[in-house]
Asker: 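Sharing a structure here in structure tokens format.
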Amino acid sequence: MRVVGVEDGLALCEAGGERREVEIALLDGVTAGDVLLVHADVGLVKL
Amino acid sequence: VRFVDEFRDGALGQKVAAQILGVVEPGRHYKVMEVCGGHTHSIYRYGVDDLLPDNVELVHGPGCPVCVIPMGRVDDGIAIAREPGVIFTCFGDMMRVPGSGGTLLDAKAQGADVRMVYSPLDALRIAKAEPDRPVVFFAIGFETTAPSTALTLKRARADGVENFSCMCNHVTIVPPLRALLESPDLRLDGFIGPGHVSTVVGARPFEFIPADYGRPVVIAGFEPLDILQAIHMILAQLAEGRCEVENQYTRVVPYDGNPAALAAMAEVFALRPHFEWRGLGFISQSALRLSDAYADLDAERRFPVPGVRVADPKACQCGEVLKGVIKPWECKVFGTACTPEHAIGTCMVSPEGACAAYYNYGRFARDRVVA
């Protein structure tokens, strides 16, 4: 999913028109525009 | 779409298939197990096996988290769901897994407040919105989803959400692989390693497979070209007399995994001494419970659970399917009494289950002898 915004340890991500809040505690330096591999609303890795 | 389209290129797929043909010995039969249910799904969705030579057989492994949940654990979950006031949350496919007296969906129809969530964070949001009711999350999955549960429990603790708890059914991938390798009724030549699990644990935990059992492992992604390339890498190892762990999914999987995820898991979880797997029986140290530091968020300590072992229905052969001993269509009830709409076994419930993959993508009659 592509990150469109970051706030309070959560990233607002978008994929296929759907937007979800994703936990990014496992990743460093996530910013808007990053693409994340997401499982169960948790970002596991930056692609 | 970046990272997707370029891994679904049909012309490239034909080229990799030709390379595979170049490394197989004509007289030899190869059995390669894809460990992960996500791979099984992709293989049949895209027809990957149609591109393989006849003497390369794909065997489906136990890596579907819903499929390996035994009936007794479903009964335990339903017992908690029926406790007064409880809001019981779980992933959607889990709601359709049969226990001895029905599914969580049946319990919902009978009045229990069972809700589907896409994430444990959704369950935590419900707990915050309904502070007067206990909210339980039924956690399942391998090391892929365990970090999401761990982070949710850490967030619940940090935010002081006291009405939230978790029934932990997380399992680990290495012990069942070792059990399969010790199984006398299964001869495998190599493994397509689980890509998403490896994102968390890395490739290193699989080094025991070449070291102790002399079988190659290639960690693979989930697009058709990923899987084809991984099969080529396994067969090339066999042709060259090599045996090692290789990583095809380098765009996602670091060799040492995700240390932040592993640290969160180590803080929140502890290994259970043993855990029952559907079809595989009890396997030592193969599942996770909440650590003592998070015991107050453990639903199994907050609510009474029956904890009774329940045998699978006699007609159901999920166990043999999960071990790769039989193909789904060889099961007595496949496609007749057991369908995705009315599943008897777990392998037909989850989209990652081998039976559902065969059924949904039209392989239900493959090689079946018609009188």
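Order of the sequence lines fixes the chain letters, A, B, ..., with proteins taken first and strands second; residue numbering starts at 1 for each chain. These numbers come from a predicted model, not from an experiment.
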Asker: I'd like to know if the side chain of B:Ser286 reaches the main chain of B:Pro175, judged simply by a donor and an acceptor atom lying under 3.5 Å from each other, with no hydrogens or angles considered.
Answerer: no

Asker: Please walk me through it: do B:Arg157 and B:Tyr294 pass side chain to side chain donor-acceptor pair (under 3.5 Å)?
Answerer: CA-CA 8 Å; B:Arg157 169 65 53 79; B:Tyr294 283 81; 4.8 Å; no

Asker: Can you tell me how far apart CG (A:Asp41) and CD (A:Glu23) are? Round to the nearest 0.5 Å.
Answerer: 9.5 Å

Asker: Using the six-membered ring wherever Trp is involved, compare the ring planes of B:His196 and B:Phe222 and label them parallel, tilted or perpendicular (cut-offs 30° and 60°).
Answerer: parallel

Asker: Could you walk me through whether B:Phe206 and B:Ile173 pass the side-chain contact (heavy atoms from CB on, under 4.5 Å) check?
Answerer: CA-CA 9 Å; B:Phe206 303 104; B:Ile173 193 67; 3.9 Å; yes

Asker: Which members of residues 147-155 of chain B, sorted by number, sit under 4.5 angstrom from chain A on a heavy-atom basis?
Answerer: B:Pro147, B:Ser148, B:Leu151, B:Arg155

Asker: Which atom pairs, donor and acceptor, lie under 3.5 Å between side-chain atoms of residues 25-36 of chain A and protein residues at least two apart or in another chain?
Answerer:
| residue | atom | partner | partner atom | Å |
| --- | --- | --- | --- | --- |
| A:Asp34 | OD2 | A:Thr31 | N | 2.8 |

Asker: With chain A as the partner, which of B:Thr145, B:Asp122, B:Val117 has the greatest number of non-hydrogen pairs under 4.5 Å?
Answerer: B:Asp122

Asker: Is any residue of residues 87-94 of chain B within less than 4.5 Å of chain A by heavy atoms, and which ones?
Answerer: B:Phe91

Asker: Verify, without hydrogens or angle tests, whether B:Arg204 (side chain) and B:Asp256 (backbone) share a donor-acceptor contact under 3.5 angstrom.
Answerer: no

Asker: Between B:Glu130 and B:Asn163, is the side chain to side chain donor-acceptor pair (under 3.5 Å) condition met? List the steps.
Answerer: CA-CA 9 Å; B:Glu130 304 244 17; B:Asn163 61 323; over 6 Å; no

Asker: Is it the side chain or the backbone of B:Thr199 that comes within 4.5 Å of chain A heavy atoms, both, or neither?
Answerer: side chain

Asker: Which of residues 12-22 of chain A get closer than 4.5 angstrom to chain B, counting heavy atoms alone?
Answerer: A:Arg20, A:Glu21

Asker: Taking the six-membered ring of B:Phe138 (Phe, Tyr or Trp), confirm whether the NZ or CZ of B:Arg73 is under 6.0 Å from its centre and within 45° of its axis.
Answerer: no

Asker: Begin with the C-alpha distance, continue with both residues' side-chain angles, and end with the deciding distance and a verdict on salt bridge (Lys or Arg N to Asp or Glu O under 4.0 Å) for B:Arg8 and B:Asp226.
Answerer: CA-CA 9 Å; B:Arg8 295 180 184 175; B:Asp226 288 321; over 6 Å; no

Asker: Find out whether B:Phe7 and B:Arg251 are in side-chain contact, i.e. whether some heavy atom of one side chain is under 4.5 Å from a heavy atom of the other.
Answerer: yes

Asker: Sort B:Val253 into side chain, backbone, both or neither according to what part of it lies under 4.5 angstrom from a heavy atom of chain A.
Answerer: neither

Asker: Kindly state whether the ring of B:His170 and the ring of B:Phe269 have centres lying under 6.0 angstrom apart.
Answerer: yes

Asker: Is the closest basic N to carboxylate O distance between B:Lys128 and B:Asp159 below 4.0 Å?
Answerer: yes

Asker: Check each atom of A:Leu37 against the heavy atoms of chain B and say whether the ones under 4.5 Å are side chain, backbone, both or neither.
Answerer: side chain

Asker: Nearest 0.5 Å, what's the CD-NE2 distance between B:Glu223 and B:His39?
Answerer: 10.0 Å

Asker: Before giving the answer on side-chain contact (heavy atoms from CB on, under 4.5 Å), spell out for B:Phe137 and B:Leu124 the whole-Å C-alpha distance, their side-chain angles and the decisive distance to 0.1 Å.
Answerer: CA-CA 8 Å; B:Phe137 175 63; B:Leu124 187 60; over 6 Å; no

